[in-house]
Chemist: 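The structure follows.
All values below were derived from every heavy atom in this structure, side-chain atoms included, with hydrogens, water molecules and symmetry-related copies excluded. Whatever order the structure lists ligands and atoms in, that order sets their numbers, starting from 1. By convention here, the first residue in the shown sequence is residue 1.
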Amino acid sequence: MSEINTFEAAQSGRPTGPLVRGYEVIIGFETHAQLSTASKIFSRASTAFGAEPNTQACAVDLALPGTLPVMNKGAVERAIKLGLALGSTIAPRSVFARKNYFYPDLPKGYQISQFEIPVVQGGSVSFFVGDEPKTVRLVRAHLEEDAGKSLHEDFVGQSGIDLNRAGTPLLEIVTEPDMRSTAEAVAYARELHKIVTWIGICDGNMQEGSFRCDANVSVRRPGDKLGTRREIKNLNSFKFMQQAIDYEIRWQIEEIEDGRAIQQATVLFDPDSGETRAMRTKEDAADYRYFPDPDLPPLAIAADWIERVRADMPELPRAMAERYVREHGLSDYDAAQLTQSPALAAYFQGAVAAGANAKLASNWITGEIARRLNQQDMAITEAPVTAPQLARLVARIGDGTISNSAARQVFDALWTGEGQDVDAVIEAKGLKQMSDSGALEKIIDQVLATNEKNIAEYRAGKDKAFNALVGQVMKASQGKANPAQVNALLKAKLG
Ligand code: ADP
Ligand code: MG
């Protein structure tokens, strides 16, 4: 966003983010993470995605008379995991409440949620926005059931209702209004997405709606009290999130500049037009007439349950990254890159376990491999070069068998399937570095005999001339000479 003026922000000293046309941006997130349980939050119906409409909603999900909801232990366990991962308090006793509203996809007329006492309280998410560390405080995360879904596409002049999603377990994760730019908001969402998938509580599939974000956005003049927010609902791609928030910020500023007050509202982002549009004016909590659900007892979580869940937690990405820095001497940046997903970290660890130098392996993974995966839109688990193959390649660079440029050729052969075995590819392509100093000396002598000008310039103190000579030797050796050895021999010969 070209309108962002960081200089202005630095001058005023007050706002903690970049100003947009003189306004401070305030963003808070509510994220619905669908919990990866096989059955629903209060029933035994399946949560599998993509079934025929209305085949997976049972009487409990619809709250038919005579049914009673029963809490799914797996959903609670996942909420505990999130709380542990984010340093939150796990409430020893939390309460389910009915949130009453009418909508076609909610025929029972209320959603079971948590209101006054949520299961997860406080905590924070820390991440980097570029090089800048940022911490966003959480207000809470509460358990709730999802509603059904209206289907508009497949009907001419009618809408259908699919209740399969009714009763699917959700964790709604609510932040303080701590974000100050679109970049921070998107970075927060990415970090949260990474954490919920890392700890295995949510599959993170955004197309299928397993991770949907509502962005609350307001703007104000620095020093003013908080502006009125509008809530952009159901952002299910990071790209749309960025576009929607950018648009919303510009729109709100435009309104204020034109002398209109912002009305609190719920809006939807339309990717086709790139605009946000009001759906409805925002309800207040009072409109929902929350009350404790009489069918569900309070949720009690004993300390020993929390400890059992804690014992089962994987190492978290930040702890893992810090360990990589400590154990392998990687930079913070590289360590953060390698801990983007458990699969990527496993690949790196696989290479190290197979004997690779950690720093070299890291360079290949965050460089050449990341570039190719990105280019071919592939996941690390699909990489044609395995971690042991990378380890072997790195070893052959380390022991001087091949140069870096030869290694790139070997890597390409492995990646494209031209070869499987590193040593066989080196052999077949004749990429072995010259280890015979006699042969190398012969090449050097030839190069020196035909490059008097460069020699004279080198003796006159020009470093460039020396590099040119190294280049000539490397070329004459067809890239097989060891550059360090060439350097040393040349220096010796030139005196
Ligand atoms: P509700 O539950 O009615 O949506 P909350 O007060 O719980 O309202 O806030 C919801 C979200 O909106 C939170 O993430 C909060 O941080 C954020 N928020 C609250 N006030 C503002 C504001 N003025 N600007 C931007 N975000 C805000
Ligand atoms: Mg809300």
Chemist: Indicate yes or no for a side-chain donor-acceptor contact from R230 to the backbone of Q252 under 3.5 Å, with no hydrogens or angles considered.
Modeler: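 A pair under 3.5 Å: no.
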
Chemist: Under a 4.0 Å heavy-atom limit, does N216 contact ligand 1 with its side chain, its backbone, both, or neither?
Modeler: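 Answer for N216: both.
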
Chemist: When you look at OH of Y333, are more than 12 heavy atoms from neighbouring residues, nucleotides or ligands closer to it than 6.0 Å?
Modeler: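 No, because the 6.0 Å sphere around OH of Y333 holds 12 heavy atoms or fewer from other groups.
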
Chemist: Report, in ascending order of atom number, the atoms of ligand 1 lying under 4.0 Å from any heavy atom of E176.
Modeler: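 Listed by number with element: 16 (O).
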
Chemist: Side chain, backbone, both or neither: which part of I26 comes within less than 4.0 Å of ligand 1 when only heavy atoms are counted?
Modeler: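 Both backbone and side chain of I26 come within 4.0 Å of ligand 1.
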
Chemist: Is NZ or CZ of R98 both nearer than 6.0 Å to the six-membered ring centre of Y110 and within 45° of the ring axis?
Modeler: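 Yes, R98 and Y110 form such a contact.
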
Chemist: What are the atoms of ligand 1, with element, lying closer than 4.0 Å to any heavy atom of E30?
Modeler: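 Answer, ordered by atom number: 2 (O), 4 (O), 10 (C), 11 (C).
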
Chemist: On the six-membered ring of Y290, is K99 placed so that its NZ or CZ lies under 6.0 angstrom from the centre and within 45° of the ring axis?
Modeler: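 No, cation not above the ring by the 6.0 Å, 45° rule.
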
Chemist: N/O to N/O below 3.5 Å, does that happen between G227 and ligand 1?
Modeler: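 Yes, G227 has an N/O under 3.5 Å of an N/O on ligand 1.
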
Chemist: Mark yes when over 12 heavy atoms from residues, nucleotides or ligands other than F291 sit less than 6.0 Å from its CZ; otherwise mark no.
Modeler: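 Counting neighbours around CZ of F291, more than 12 heavy atoms of other residues, nucleotides or ligands fall under 6.0 Å, so yes.
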
Chemist: Going by the atom numbers of ligand 1, which of them fall below 4.0 Å from some non-hydrogen atom of F29?
Modeler: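 By the 4.0 Å cutoff, the relevant atoms are 14 (O).
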
Chemist: Check each atom of ligand 1 against the heavy atoms of L226 and keep those under 4.0 Å away; list them by number with element.
Modeler: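 Answer, ordered by atom number: 23 (N).
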
Chemist: For the residue pair H328 and F348, categorise the inter-ring angle as parallel (less than 30°), tilted (30 to 60°) or perpendicular (more than 60°).
Modeler: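 Ring orientation, 0 to 90° scale: perpendicular.
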
Chemist: For T175, counting its heavy atoms only, list the atoms of ligand 1 lying under 4.0 Å from any of them.
Modeler: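 By the 4.0 Å cutoff, the relevant atoms are 13 (C), 14 (O), 15 (C), 16 (O).
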
Chemist: Between P177 and ligand 1, does any nitrogen or oxygen pair lie at a separation below 3.5 Å?
Modeler: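 Yes; the residue has a nitrogen or oxygen that sits under 3.5 Å from a nitrogen or oxygen of the ligand.
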
Chemist: Of all heavy-atom pairs between A33 and I173, which one has the smallest distance, and what is that distance?
Modeler: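 Result for this residue pair: CB-CD1, 4.3 Å.
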
Chemist: Relative to the heavy atoms of V174, which atoms of ligand 1 are at a distance of less than 4.0 Å?
Modeler: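 Within the 4.0 Å cut-off of V174, ligand 1 contributes 13 (C), 14 (O).
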
